[in-house]
2 protein chains.
Amino acid sequence: MKPDNQEETATCADLGDCGPAHACDHISRMLARISDKWSLLVVRVLGHGPRRFNALRREVGEISQKVLASTLRELEANGFVSRTVTHTTPPQVEYALTDLGREFLDPVRGLAEWVVANSARMDAARVAYSQRLASERQGV
Amino acid sequence: MKPDNQEETATCADLGDCGPAHACDHISRMLARISDKWSLLVVRVLGHGPRRFNALRREVGEISQKVLASTLRELEANGFVSRTVTHTTPPQVEYALTDLGREFLDPVRGLAEWVVANSARMDAARVAYSQRLASERQGV
DNA sequence: CGGGATCCTTATCGATACTG
DNA sequence: CAGTATCGATAAGGATCCCG
């Protein structure tokens, strides 16, 4: 399947000691586990404090209950989020960040802050890109 | 297209207090633009230096050419990646990070490093979670 | 209120084939 | 080599109903 005798992959070199190529595979899997459309967002919102299901849903934005539910289950499985049920009427379920989740909040905020701070540049790039496409369609 | 005031950009900036939902809506859109399964990974790999299409593909891992192509187009549109074509035989296309992309690399690395450093805890949480599920199925 | 089960509609992916 | 185009499979997503 993969008879590649790659001479050298300096790939993960600058990530501490993660050296050889198999490490990139590893990082890939872990990264894929959390980089879906909603996980980072939910973590960030929970960073403001514990939230109940529908409150969370309102804050996150245009997310369906199904997707939020599965996102929360994933986050719980990864150990980022705790789920506390109170059997009252109506029942009450509170989601909060665990220790791991709070630590994770750090890089997540870094990313979020960067994105917000540079959204104007990203938008500008988008405009430039579509203009470039348009002019290329007419003639180089 | 966007006649809103510039000060609006400061809305979610501090991220500690992101009250109203509309502010989070903005961050949500920007975050969603880059938090797919591959974008972060590709940016990270390109952080090691310019790469050609197939080299990139080999390094990133199990990604199809179609998905890599569309991911690269997205990254290019967002201004993170530049695409340089050399009309030789065989043709040669080199992808590299732009200035914006290199700056973006910073938070991306932060995230990647964190994930790698804490993958063991995430795995442990997974095990604990599935065990908890199993015991709940038998009897509370 | 929280969320599982179901159905149904899309968006996404992978494999193949074809161009420059 | 570096793609684009097309098509079938499939996973993700939304809507609705129902239960505790």
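Lettering of chains follows the sequences in order, A, B, ..., and the numbering in each one begins at 1.
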Ring-plane angle category for A/F80 and A/F104, please: parallel below 30°, perpendicular beyond 60°, tilted otherwise. parallel
Rounding to a whole Å, what distance do you find between B/D36:CG and C/dT12:C1'? 11 Å
Using atom CZ of B/R73 as one end and atom P of C/dT12 as the other, report the distance to the nearest whole Å. 13 Å
Select from A/F53 and B/W38 the residue whose nearest nucleotide in DNA chain C is closer to the 5' end of that strand. A/F53
Under 4.0 Å from a heavy atom of chain B: give me the 5'-most and 3'-most nucleotides of DNA chain D that qualify. D/dC1 to D/dC7
Is the shortest distance from a Lys or Arg side-chain nitrogen in A/R44 or A/E113 to a carboxylate oxygen in the other one below 4.0 Å? no
Tightest non-hydrogen contact, residues B/V42 and B/T71, listed as CG2-CG2, 4.2 Å
Expressed in angstrom and rounded to an integer, what is the separation of A/E94 atom CD from C/dG3 atom C1'? 17 Å
Would A/E76 and A/L72 count as a side chain to side chain contact (heavy atoms under 4.5 Å, CB included) if you check the C-alpha gap in whole Å, the side-chain angles of each, and the deciding distance to 0.1 Å? CA-CA 6 Å; A/E76 202 192 344; A/L72 284 169; over 6 Å; no
OP1, OP2 of C/dC1 versus side-chain N and O of A/R57: anything below 4.0 Å? no
Give the dot-bracket line for DNA chain D from 5' end to 3' end: parentheses for intra-strand Watson-Crick or G-U pairs under 3.5 Å, square brackets for crossings, | for inter-strand pairing, dots for unpaired. ||||||||||||||||||||
Residue list, side-chain hydrogen bond (donor to acceptor under 3.5 Å, both in side chains) with A/E103, at least two apart or on another chain: B/R121
Every protein N/O lying under 3.5 Å from an N/O of nucleotides 15-17 of chain C:
residue: C/dT16; atom: O4; partner: B/Q65; partner atom: NE2; Å: 3.2

Could you note down all residue pairs passing side-chain hydrogen bond (donor to acceptor under 3.5 Å, both in side chains) where residues 30-40 of chain A supplies at least one of them, sequence neighbours left out? A/R33-B/D123, A/D36-A/S39
Tell me, please, which residues at least two apart from B/D106 pass side-chain contact (heavy atoms from CB on, under 4.5 Å). none
Please set out all donor-acceptor pairs under 3.5 angstrom arising from side-chain atoms of residues 86-93 of chain B, sequence neighbours excluded.
residue: B/T88; atom: OG1; partner: B/P90; partner atom: O; Å: 2.7

Mind checking side-chain contact (heavy atoms from CB on, under 4.5 Å) for B/S64 and listing every partner two or more places apart, or none if nothing turns up? B/K66, B/V67
5'-most by nearest nucleotide on DNA chain D - A/I63 or A/P91: A/I63
What's the shortest heavy-atom distance between B/L105 and B/G47, and which atoms? CD2-CA, 3.5 Å
Taking salt bridge (charged side-chain N to carboxylate O under 4.0 Å, His left out) as the cut-off, I'd like each qualifying pair that reaches into residues 81-100 of chain A, sequence neighbours left out, listed once. A/D99-A/R102
C/dC1 phosphate, OP1 or OP2: any side-chain N/O from A/R52 under 4.0 angstrom? no
Residue set satisfying side-chain contact (heavy atoms from CB on, under 4.5 Å) with A/A117, at least two apart, ordered chain then number -> none
Suppose we screen for side-chain contact (heavy atoms from CB on, under 4.5 Å). Which residues come up paired with A/A128, at least two apart in sequence or across chains? none
So if I take residues 77-89 of chain B and measure heavy-atom distances to DNA chain C, which residues fall below 4.0 Å? none
